[in-house]
Amino acid sequence: MSDADLKTRVLAASPFIAGVFRRQADWADAAWSDGSFRRQLPAVAERLGAALDGLGDEAALMRELRRFRNRELARIAVRDIGALAGLDETLADLSALADAAIDAAMAFVARGLQARHGQPREADGQPATPFVLGMGKLGGSELNFSSDIDLIFGYTANGDTDGARGISNEEYFAKLARDTARLLATPTEDGFVFRVDTLLRPFGSVGPHAASMSGMEDYYQTHGREWERYAMVKARCCAGDRAAGQMLLDHLRPFVYRRYLDYGAINSLRELKGLIDRDAQAKGAADNLKLGPGGIREVEFIVQLFQLTRGGQDARLRDARLRPVLRTLGSSGLLPADTSRALDEAYVLLRRAENAVQLHGDLQTHRLPTDDAARAAFAAALGEPDYATALAPIEAARAFVRREFERLFAEAETPAATPAFDAGANEAWDVAVESEAALGARGFGGGTAAVAKALADLRQSRLMRSLSDPSQARLRSLLPLLLDEAARQPDPATAAVRALDVIAAILGRSPYLILLRDSGVARAQLVRLCAASPWLTALLARTPALLDALLDPRLAAETPSRQQLHDELDTRFERIAADDMEAQMELLRRYRQEMTLRIAACDLSGSLPLVQVSDRLTWLAEAILARTVAAARAQLAEAHGAPVNADGSAAAFAILGYGKFGSIELGYGSDLDLVFVYDCDQPDAPTGGPKPISNAQFFARLGQRIVHYLATHTPAGRAYEVDLQLRPSGNSGMVVSGLASFARYQRDSAWTWEHQAFLRARVVVGDPALCAAITDVRRDVLMRVRDADTLRREVVDMRTKMRSNLEKRAAGKWDVKQAEGGLIDAEFLTQFLVLRDAHGAASLVEYTDNWRQLEALAEAGRITAAQKDDLLRATRAYRGWLHRRALQQADGLADQADFAEERAAVAARWRQLVLGEAM
């Protein structure tokens with residue numbers, strides 16, 4: 001098509017563009033002659049910046065903004081009408097124009113505000129910066145020719161400006177938002193730049209014109225409504241501080257995308273679409289390309305259906321752009337590939353038709369033209385000879401979209417399940433006498449009364465009385481399915497009662513009721529975990545967010561590796577401000593709970609042996625401790641400066657794990673036995689920060705902050721209980737020890753029982769050189785020559801004291817840990833042999849766990865293979881049994897007849913190897 005033919009078509013298609021050519025004839029003539037319409041130009045922000053350069057007068061700026069906008073619309077329109085650009089380029093160029101205009105207007109307003117009030121600053125003195133969220137089509141980079149732009153203005157943090165006429169950041173950024181919108185939207189003789197709508201902001205028309213990042217997070221998490229959640233699917237930071245805007249959107253991701261298959265969104269979407277339909281019909285929507293049957297909005301709703309129900313699981317669906325998501329739906333099988341392609345083709349056709357309608361007079365309209373002149377222009381814009389020819393494929397596309405929309409929304413509602421337990425559950429719910437008989441007949445046996453009582457308690461609970469009718473209906477449809485699942489467990493009544501405890505805890509959280517009703521995988525996982533352990537039941541009831549993890553069918557088959565545990569926690573920490581201690585502490589607790597659940601699920605399924613369960617629980621603690629140390633150390637260094645040695649090198653810090661943490665034998669409820677050590681050759685010298693303290697004080701505070709991070713009780717509980725009693729001099733000693741004093745204490749002052757504990761200690765976090773030095777101290781102390789008789793007496797005396805103080809007794813029972821021949825005897829026996837013989841065999845102190853120490857003793861010839869096997873067999877049996885008892889929240893008392901062989905073997909080896917009795 002020649003330039004003359006193209007120009008003729010453009011002028012026929014758009015009186016508005018014709019007016020631009022007429023009013024800016026010099027520019028139009030130059031653009032046609034130099035081929036500007038047929039080639040890509042530099043980025044719009046660069047060209048707009050050049051056009052506005054040097055303009056300090058508001059009237060001049062407004063005039064040039066509008067003239068530039070009209071020129072850019074004309075350029076984009078020529079390329080669109082002449083098929084020189086595809087739809088994606090057209091919409092992206094229109095969106096980029098809006099981005100650049102918002103940035104330019106906001107920068108101009110900011111210069112004026114700062115001249116009067118100074119730079120806005122956060123509480124710590126850092127500059128506070130604005131950002132703008134583009135919503136809807138602007139957010140999706142899909143802006144049409146004459147669209148409003150929906151904007152939400154925000155800023156990084158509260159504070160005040162630093163000028164002589166200082167104002168609060170809240171007031172400053174509100175002025176910035178209002179004046180930016182005014183510069184863009186006020187009509188002048190040159191028109192407007194963009195109509196601006198800010199009603200999507202928090203609290204709508206009654207909310208502040210700009211909100212802080214923390215204020216927005218609080219709003220959406222506390223007050224956010226379903227429609228606001230859907231709106232955020234199309235949010236994008238389009239101007240200002242892009243990094244801050246993206247950080248906010250990252251933080252809001254859990255609000256927008258549920259981690260489970262969110263079928264509850266379907267009904268809400270359907271209701272929202274019904275409201276739109278009724279409003280459109282009242283206004284006559286048959287010819288509306290956007291809101292009418294089969295229109296653009298229905299394509300958007302089809303895509304949003306999948307984004308909202310599955311976007312929490314599939315990151316590819318979290319794209320604000322519609323067409324890439326449509327392609328993902330086809331390639332992933334969520335939609336048939338041919339349906340995905342047909343919907344995409346329909347969307348392209350409808351959006352081009354919408355552009356053609358709006359190009360005619362630069363009006364925000366979506367209606368098909370009715371007069372002959374407008375219809376002729378419409379046909380010209382689409383490159384068709386007449387209106388009827390142009391309309392035919394549009395009508396076919398709308399009919400197809402409508403069919404797919406009705407089919408998908410009709411099929412999306414999960415059909416009500418009607419399991420065998422439906423009647424029985426209803427009877428149980430009514431707490432009638434026959435309900436127990438019905439439940440008993442279906443397999444609940446002797447526990448029938450307990451199940452009926454649990455259902456009755458649920459019905460009569462305070463939360464139940466406050467539930468809405470829809471939530472009560474969801475609960476009634478869930479209960480039969482839950483009871484049906486419980487009946488498949490070895491102990492159906494226990495499984496049902498425990499699962500109902502979890503249901504009672506989540507009654508007020510409708511999304512979780514929907515999750516369990518609609519996902520058989522999640523429901524089965526819940527019942528199985530509850531059946532296996534009251535400890536896990538309590539964890540799930542206390543932390544309902546963990547229910548999201550039940551959707552993953554790999555829950556009971558795969559656990560993260562050591563590196564994955566560190567990497568995932570680091571990734572999650574990156575989304576939180578470095579100084580937000582409260583958010584960091586909550587994250588640590590949630591992370592431990594989530595990963596513990598994954599480990600427990602694999603443990604109960606049999607896919608992880610006991611040793612690997614302890615490994616993973618220990619790795620998890622290491623990851624959490626490492627991240628805690630990094631966060632706490634960075635915060636203290638920011639406030640006080642980092643401690644250094646006399647030569648300027650960084651002072652070092654490390655943590656030893658003792659007990660089960662040190663021996664890599666953590667259980668589900670284990671606390672952490674920790675000892676803190678630092679190395680600095682000038683402990684009394686001040687740190688170099690804004691609030692200097694001595695280097696020794698820095699490390700003391702670091703230890704205290706680490707304990708605070710881990711052990712403080714928050715709404716999410718504790719990360720870990722922390723025990724510092726094994727530090728030098730116990731509770732009377734310093735929280736953090738210098739390396740020299742730590743080594744001196746271990747060599748000169750520590751009791752034998754402390755060296756026994758040292759056998760199970762290892763460095764778990766720290767600077768490498770200090771870690772190596774501590775390891776050397778441990779090796780030197782443990783490998784010293786000891787008098788065997790003195791060592792024997794001290795070990796036996798300590799074991800006797802422990803048994804008298806700690807052994808639990810009950811008729812017909814014995815304490816598997818503390819009784820004679822129990823687990824502690826086996827451990828003390830091993831520690832005695834290692835301390836006695838390590839001076840001649842360094843391999844004996846290489847490992848910290850009892851099992852490998854026994855292996856090393858056998859390899860060094862200190863015990864026989866038979867002695868090693870007896871002790872290992874007993875240790876494994878005891879630990880496995882105690883581990884299962886911990887999951888059942890049961891004590892460590894076994895029947896007298898249990899473990900008779902193992903108990904006898906340990907007692908015999910104690911007499912032989914410790915007391916020296918002949919066998």
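Atom set for the values below is all heavy atoms of this structure, side chains included, hydrogens, waters and symmetry mates excluded. Note that the numbering runs from 1 along the sequence shown for the chain.
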Legend entry - side chain to side chain donor-acceptor pair (under 3.5 Å) evaluation trace for H755 with R786: CA-CA 12 Å; H755 286 171; R786 302 170 192 269; 3.2 Å; yes
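- A salt bridge links E665 with R760: the closest approach of a Lys/Arg side-chain nitrogen to an acidic carboxylate oxygen falls below 4.0 angstrom.
- Checked by atom type, the side-chain pair Y745/E754 shows a donor-acceptor distance below 3.5 Å.
- Comment: R809 engages E807 in a salt bridge, judged by a side-chain N to carboxylate O separation of less than 4.0 angstrom.
- Among residues two or more places apart in sequence or in another chain, the side-chain contact (heavy atoms from CB on, under 4.5 Å) test is passed with A897 by none.
- Exactly one of R909, R911, R792 qualifies for a salt bridge (charged side-chain N to carboxylate O under 4.0 Å, His left out) with E917. That residue is R911.
- Between the side chains of H566 and R627, not a single donor N or O lies within less than 3.5 Å of an accepting N or O.
- Salt bridge present: R572 and E594 bring a charged side-chain N and a carboxylate O closer than 4.0 Å.
- Electrostatic pairing of E820 and R803 does not count as a salt bridge here, judged by no charged N lying under 4.0 Å from a carboxylate O.
- Remark: R799 fails to qualify as a cation-pi partner of W753 under the 6.0 Å distance and 45° angle criteria applied to the six-membered ring.
- Among residues two or more places apart in sequence or in another chain, the ring-ring contact (aromatic ring centres under 6.0 Å, His included) test is passed with W535 by Y668.
- Take F899 and apply the ring-ring contact (aromatic ring centres under 6.0 Å, His included) test, not counting sequence neighbours, and it matches Y878, W881.
- R762 places no side-chain N or O within 3.5 Å of a backbone atom of I664 that could act as its donor or acceptor partner.
- Without hydrogens or angle criteria, D723 side chain to Q725 main chain gives a donor-acceptor distance under 3.5 Å.
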Inset, instruction - Could you go through the side chain to side chain donor-acceptor pair (under 3.5 Å) check for T559 and R598 one step at a time? - result: CA-CA 6 Å; T559 56; R598 296 182 66 88; over 6 Å; no
